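Just so we're on the same page: letters track the sequence lines, and every chain starts at 1. Fair warning: this is a prediction, and the values are worked out from it, not measured in the lab.
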2 protein chains.
Amino acid sequence: MQKQVTIHDIAKLVNASAATVSRVLSNSSYPVSQELSEKIKLAAKQLNYTPNMLGRQLKTRNSMTIGVIIPSISNPFYADIVLGIEEVARKYDHQVFLCNSHQNPQLETEYLQNLLEKQVKGLIISSISNQQDLLGDYLAKGMRVISIDQAIDIPDIYQIGFDYRKGGYIACKHLIDNGHRKIAFLSAPLDRPSRRGVFQGYQEALQEAGIEPESSWLQIHQFVKGERLGSAVEFTNGRMLARNIIHMADRPTAIITCNDLTAIGAMNELMTYGVKVPDEISVIGFDNIEISQMVTPLLTTIDHPKYEMGQMACSMLMDVLQGIPVHVKEQILQPRLIDRSSVKKRVDF
Amino acid sequence: MQKQVTIHDIAKLVNASAATVSRVLSNSSYPVSQELSEKIKLAAKQLNYTPNMLGRQLKTRNSMTIGVIIPSISNPFYADIVLGIEEVARKYDHQVFLCNSHQNPQLETEYLQNLLEKQVKGLIISSISNQQDLLGDYLAKGMRVISIDQAIDIPDIYQIGFDYRKGGYIACKHLIDNGHRKIAFLSAPLDRPSRRGVFQGYQEALQEAGIEPESSWLQIHQFVKGERLGSAVEFTNGRMLARNIIHMADRPTAIITCNDLTAIGAMNELMTYGVKVPDEISVIGFDNIEISQMVTPLLTTIDHPKYEMGQMACSMLMDVLQGIPVHVKEQILQPRLIDRSSVKKRVDF
DNA sequence: ATGAAAGCGCTAACAA
DNA sequence: TTGTTAGCGCTTTCAT
C-alpha cells in the first residue's frame, strides 16, 4: 500500500504552491494561468493522485453525503424510493448512507446520531417512529430533513406526501362503479397516517354511495410486537385476513387492501380455497409494486409514484442544502388507478 | 443553527486540555483520572457535544465506512444481501454507502472513484462488470475488497461464493428423481459465472442420468443492450421463454430456470395458456426469494443464503480491515432444495 | 496570477 | 496523570 499522494506532492513536482494546486484541482473559479494549470493536471495524473475528501470536507463543512432512513430495503416499495433518491443524489455528486430502521426506534436514534457525527447535513426519512423531539434537536444542529410519505408536525421539515385518502377513495369508487356494494377492507394496523388515509377514502366512497359498512368488513390485523419485517409478513397477513372473509355467511364481493402484498396474499388464500378472483371476489391493491404485474390475475391497484417521490425528495433536499429558496414546503402527489384484471367488470357498461 | 461545539470548548469549560478531553470522549484506553473524566463527560452532555468524525477520520485515516456495489436494490436478491451486510456493519459501528451500479460500467467506475476519494477502505461488490484492472488499481491504493457471488481473478480479493453448479445439479436431479426426462433450461444470458454454473450443473445431472438434451430445451434470452434492470425484466423473460416451450411438438415436462423471477414468469405464461403447473409442466426456480412463497403454486426452488452471505462478507471485511488474519480467502456456501408445490411428484414413491 | 499561513476538529507522540 | 505540539489534507483569506 503506497503512501497517499497529496496536493503538496504535486506542488513540489511542478514548483508551485499547494494553494494553487488546490485551486485547479478543485475546479475553483479562482484564476490560474493556463500553463500552470495544465502542468498541475498532468502531474496529478502522473502521480495517480486521488483527492482526500475528508480534508476538503473538514475545511468546507460539507460532507457531500445524505442519509436515508427507511424501514427496510427488502420492501420493494422503499427500494423504489431509494432508487429515485440515489439517482438524483448521484447527479449532485452526493453519496447516500442507507439506514434500515426496521421500525426500531432505538436503531433510528443510533443512525441519526451516526449521521450527525459524520457531518451529514441532509436527511430523507420515510416513516420514522415517534422521534419528533429528537428530530427537532437535529434540525437545531443544522440538519435539513425531508419527510416522505409521513406528515411530521415540525415546521422546519419539508414534506413529500401522497394523497392516500384519495387513493382509497378511487379504489373503492372503482369497485362501486363496477357494481360492488359489499366491500371489505383488509389492512395492517392503522397506526400509520398512510393507512388511515386509505381507510378514510374507503369510508368516504362508501358513504357517498349510501352504503353502510358492516363491521365485519373491516379486517385489521394486529401485528405482534417485535414481529420481523419483510414482504412475507404483509403477504401472510393478507392470507389470514382473507380467510376470515371466505367463511362469512353474507360475504363481501370485493376487497380493498392497504398495499399490494396484502392483496396478493389475499388472492392467494382465496384461490387456495377455490374462490375465484375476480369472478367471485374482486381484489384491488395499493401501491403498484412490480410484483403486482407478476401474479395471476394481474392485480388492479392504485399507483403510488414511489420512484418519482424519491427523486423529488432528493431534488428538494439538494435545493435546500444549497440555500436555494424552496417555496412549497409540501408537495402532495396524486394516486392513479391501474386497471388490470383482479376486479370483475360490470357487464352493463 | 448554533456553532459547532468542539473538544476545545469542553476543555475550556473544565480547565483541561483538548488532548485529555479527546482521550475520555473517544474511549481511549489512555489513563485519565476518574474525577476529571466524569467532569468532561458531564460538560460534553451539558454543551450537547457531538463529535465531528471528519476530524477524527482525517487524523486516524479510518473512515468507518464501507461501500457496497450491487446491480440494483430493486432486485430482492440483492436487497437481502445488503440487509445482511448492514446488520454486521452496524455492529462494528460502520456505515454503508450504497451504490446501485445498474450493471453500467461507467457508473461503477464513478462510484469506485467516489468511494476512494471519501477514504472508504472496505468494499463489497456483487457482480461487477469487467473492471479487473480498475479494481487492481484500487487494491494497490489500500482498499480491501470482498467479492460476493462472483469469482474475480485477482489474488488480493476475498470471496464469498455459492456453489451454483451444485445448485443446478440438485434442481435437475430433483426433477429426474421425480420421473422427468425432458427438462428445459430457461435463462437470461449466460454471461455471468453464476448462470453458467447453474447450467453446468443441469447438464451434469442430465448426463449422469444418461439423458441427451435436445437443443430446443435450451432457452436463453439475449437481452437487448441497455435494457432497464428490475424484477420485471426477469419476469417478462420467463414469460417469453415459456411461450416457446408451450408450442413445441414434443414439449418438455419440466423447466429449470436461472432464478425465481424467471420461474414465476414462466409459470404465469403456462397458466395463461391453460397449461397446468405442476400437472402438465413442472417448474423449479433458483434463489428462493420471498416472492417464491407468494405465488400459486408455491415455487419449488433452490435456496441461496443471501442474507447470510451478506453477513459473512461483511464480517470477513471487518476482520481484514482490522488486520485480523483471515485464513480462508474463499468461502463457498451450499445450495439446498426447497421442496414446495411446483414440481409434480413421482407417484410410485 | 501566485504563495504564505492559518485553521477545520481531531489524535498521538513526546514532554513534563 | 496531564499538557504541549505537531500534524492529517485540504481550502481560503490576505499579502505580494
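Taking atom CD of A:Glu117 as the reference point, atom P of C:dG9 lies 15 Å away to the nearest angstrom. Rounded to a whole Å, the CG atom of B:Leu58 is 13 Å from the C1' atom of D:dT11. Here the C1' atom of nucleotide C:dG9 and the CZ atom of A:Arg61 are 9 Å apart, to the nearest Å. Separating the NZ atom of B:Lys118 from the P atom of D:dC10 is a distance of 15 Å, rounded to the nearest angstrom. One interatomic measurement links the two molecules: CE of B:Met53 to P of C:dC8, which rounds to 19 Å at whole-angstrom precision.
Using a 4.0 Å cut-off, no side-chain N or O of A:Arg56 falls inside it from OP1 or OP2 of D:dG9. Between B:Thr6 and C:dG9 there is no side-chain polar atom (N or O) within less than 4.0 angstrom of OP1 or OP2.
Among the heavy atoms of the strands, none lies under 4.0 Å from B:Asp9. Residue contacts for B:Ile7: at a heavy-atom cut-off of 4.0 Å it reaches a base atom on one of the strands shown.
In this structure, of D:dG7, D:dT2, D:dC10, it is D:dT2 that holds the atom nearest to the side chain of B:Thr20.
Residues of residues 22-34 of chain A that place a heavy atom closer than 4.0 Å to DNA chain D, in numerical order, are A:Ser22, A:Arg23, A:Ser26, A:Tyr30.
Using modelled atom types, no side-chain atom of A:Ser37 and backbone atom of A:Ser33 make a donor-acceptor pair closer than 3.5 Å.
At a threshold of 4.0 Å, the pair B:Lys39-B:Glu35 does not count as salt-bridged, since none of the basic side-chain nitrogens sits closer than that to a carboxylate oxygen.
Atom CG of A:Leu25 sits about 5.5 Å away from atom OH of A:Tyr49, to the nearest 0.5 Å.
Nearest-nucleotide positions on DNA chain D for B:Leu36 and B:Thr60 put B:Leu36 closer to the 5' end.
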